[in-house]
There are 2 protein chains.
Amino acid sequence: MKLEINVKNDNREVQNTIISQIRDLINYKNLEPGDKIPSERMLSDKFGVSRSNVRDAIQKLEFYGILSSIPQSGTFVANIGVTALNGMIDDILRLKEPDFKSLVETRILLELKTARLASLRRTEADLIQMEDALNAYREKVINGEKAVEEDLLFHLAIAKASGNSTLNTLMLMITPGIITNFEEYHVCSEDLAFNGIQEHRDIFEAIKAKNPGLAKEKVKVHFKALYQYCYSIS
Amino acid sequence: MKLEINVKNDNREVQNTIISQIRDLINYKNLEPGDKIPSERMLSDKFGVSRSNVRDAIQKLEFYGILSSIPQSGTFVANIGVTALNGMIDDILRLKEPDFKSLVETRILLELKTARLASLRRTEADLIQMEDALNAYREKVINGEKAVEEDLLFHLAIAKASGNSTLNTLMLMITPGIITNFEEYHVCSEDLAFNGIQEHRDIFEAIKAKNPGLAKEKVKVHFKALYQYCYSIS
DNA sequence: CACAAAATTCTGGTTAACCAATATTATAAA
DNA sequence: TTTATAATATTGGTTAACCAGAATTTTGTG
């Protein structure tokens, strides 16, 4: 297990080295937005790493919109100036693994917004999906089973109902981290789960009634315990 | 250009097909959390696609915490039940490219939070970096040059100062989309840029003074025009 | 010289062979 | 039969050869 982590860190360090080398190269060669960077083969040769390593690094920079690859043509610097480019690459290099506190803090922020938007934009189909998740959650809890998944599905259903594709994506992205940390820190107690049934119902009803203020308020109530726990361990 | 988009869409469709096939396989074989899924070779053979396609699909599911690959051992279903797994995979398959409106909506939400947190947690080093970005922005605007990048760097500096690694990452991820759409919709006018100088300064001073309420308020002012524009084009 | 056409080079993407570590099976000793 | 050991098969990861298409250079033609 330890070994695996080290391996991943090593890979990440290699990738970060390549990324910073690409940045240096762009600066040294005074490449401007739209210019083509050297081919993958040349870079792998120059940096003394495998071509797949270079490809992975480029892919990461593509994800953040720094580079753009066109098949059979080349890889190009995105349409942002060197200032922003350097700043963003530095930020990317310094990105840390998210800590539990920041995850929860962010999740609460996102949930308050998605609930509010969902109460304004939810469709009938959204309501059905939310109620399904809600019922599944209640069943599990009543049977004394763990219901972390059903809990999350309800919240993801809200995110979907928010009609905001960006928020929906962000919620999906932070979800795995939330699950992992929840299990690691044993956040879920049985009492909380039981309270959750009514709290979920309240949120659902507020969204159904198209009452954004109430929805936000009910989400706040739902996350109050989590919020305090999150700050108590920091 | 059109071709490129089609190619990417094709690739995405292939990937989505593979992802849904993996999901079906997990369901059909009743695989539980922690179980091993068939090897990449078997999957590529079974699905009639190349192994690299399978690897890409697995990588995406790893990103969302659905699967977990261990070298020389296998790829395993993450520690979430089939219910959440199916729900999340369906969500992933339905993920849409973010639209401008949802991007701006999300950005404003994130910025209000990062400014608030930054005013509580900023270090002296953060202040220096923010002021650097702020000055660079002013210089450019006064010289009549475009300053979208410097604008963003100021906001990314705030995100960094928020001390919330998740929020910082999310800001970085939505930034490229923001830049692209800004240029596409020609959001930035010269008047707005000039107003921006003072507005940035106001935000900075509020954060420096450790006044979260004021910081939030100043961010609201700063985004007011953008907010209205965003809703006018929808 | 100008310009079109063909040959060549170069590109990112794909495929298949290879690697080291692991998991499994077969074997043998107790 | 049990258990320790060795041989084998399987795994995700890596490398290098290959591909189709784009970019460039060379060639041919007016």
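Naming convention: chains lettered A, B, ... in sequence-line order (proteins, then strands); numbering from 1 in each chain. The structure presented is a predicted model; accordingly, all values stated were derived computationally and were not measured.
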Shortest non-hydrogen contact from Asn168(B) to Lys160(B)?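 Between these two residues, the closest heavy atoms are ND2-CA, 3.8 Å.
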
[X] [atom1] to [N] [atom2]: how many Å, rounded?
X: Gln15(A); N: dG13(D); atom1: CD; atom2: P; result: 14 Å
X: Glu40(B); N: dT14(C); atom1: CD; atom2: P; result: 16 Å
X: Asp56(A); N: dG12(D); atom1: CG; atom2: C1'; result: 14 Å
X: Arg55(B); N: dA17(C); atom1: CZ; atom2: C1'; result: 14 Å
X: Ile70(B); N: dT11(D); atom1: CD1; atom2: C1'; result: 11 Å
X: Met42(B); N: dG12(D); atom1: CE; atom2: C1'; result: 15 Å
X: Asp45(A); N: dT15(D); atom1: CG; atom2: P; result: 14 Å
X: Phe76(A); N: dG12(C); atom1: CZ; atom2: C1'; result: 10 Å

Between Phe154(A) and His222(A), does the ring centroid distance fall short of 6.0 Å?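 Here the rings of His222(A) and Phe154(A) have centres that are no less than 6.0 Å from each other.
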
Distance check: side-chain N/O of Thr75(B) vs OP1/OP2 of dG12(D), anything under 4.0 Å?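 The answer is yes; a side-chain N or O of Thr75(B) sits under 4.0 Å from OP1 or OP2.
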
Quick check on dT14(C): is either OP1 or OP2 less than 4.0 Å from any side-chain nitrogen or oxygen of Ser50(B)?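 Answer no for this pair, as no side-chain N or O of Ser50(B) is under 4.0 Å from OP1 or OP2.
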
For the side chain of Arg41(A) and the base of dG12(C), is some donor closer than 3.5 Å to an acceptor across the two?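 In this structure, the two groups form a donor-acceptor pair.
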
Nearest of dT14(D), dT22(C), dT11(C) to any side-chain atom of Gln72(B)?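 Closest of the options to the side chain of Gln72(B): dT22(C).
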
Are the charged groups of Asp90(B) and Arg23(B) less than 4.0 angstrom apart, N to O?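 Yes, Asp90(B) and Arg23(B) are salt-bridged.
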
Please check if the side chain of Asn135(B) supplies one atom and the backbone of Glu131(B) the other of a donor-acceptor pair under 3.5 Å.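 Present.
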
First of Arg51(B) and Lys36(B) reached from the 5' end of DNA chain C, by closest nucleotide: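 First, find each residue's nearest nucleotide; the 5'-ward one identifies Arg51(B).
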
Considering every strand and a 4.0 Å limit on heavy-atom distances, what is the contact class for Ser73(A): base, sugar-phosphate, or nothing?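 Answer is sugar-phosphate: Ser73(A) comes under 4.0 Å of backbone atoms only.
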
Over 12 non-hydrogen atoms of neighbours within 6.0 angstrom of CD in Glu145(B):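 More than 12 heavy atoms, drawn from other residues, nucleotides or ligands, come within 6.0 Å of this atom.
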
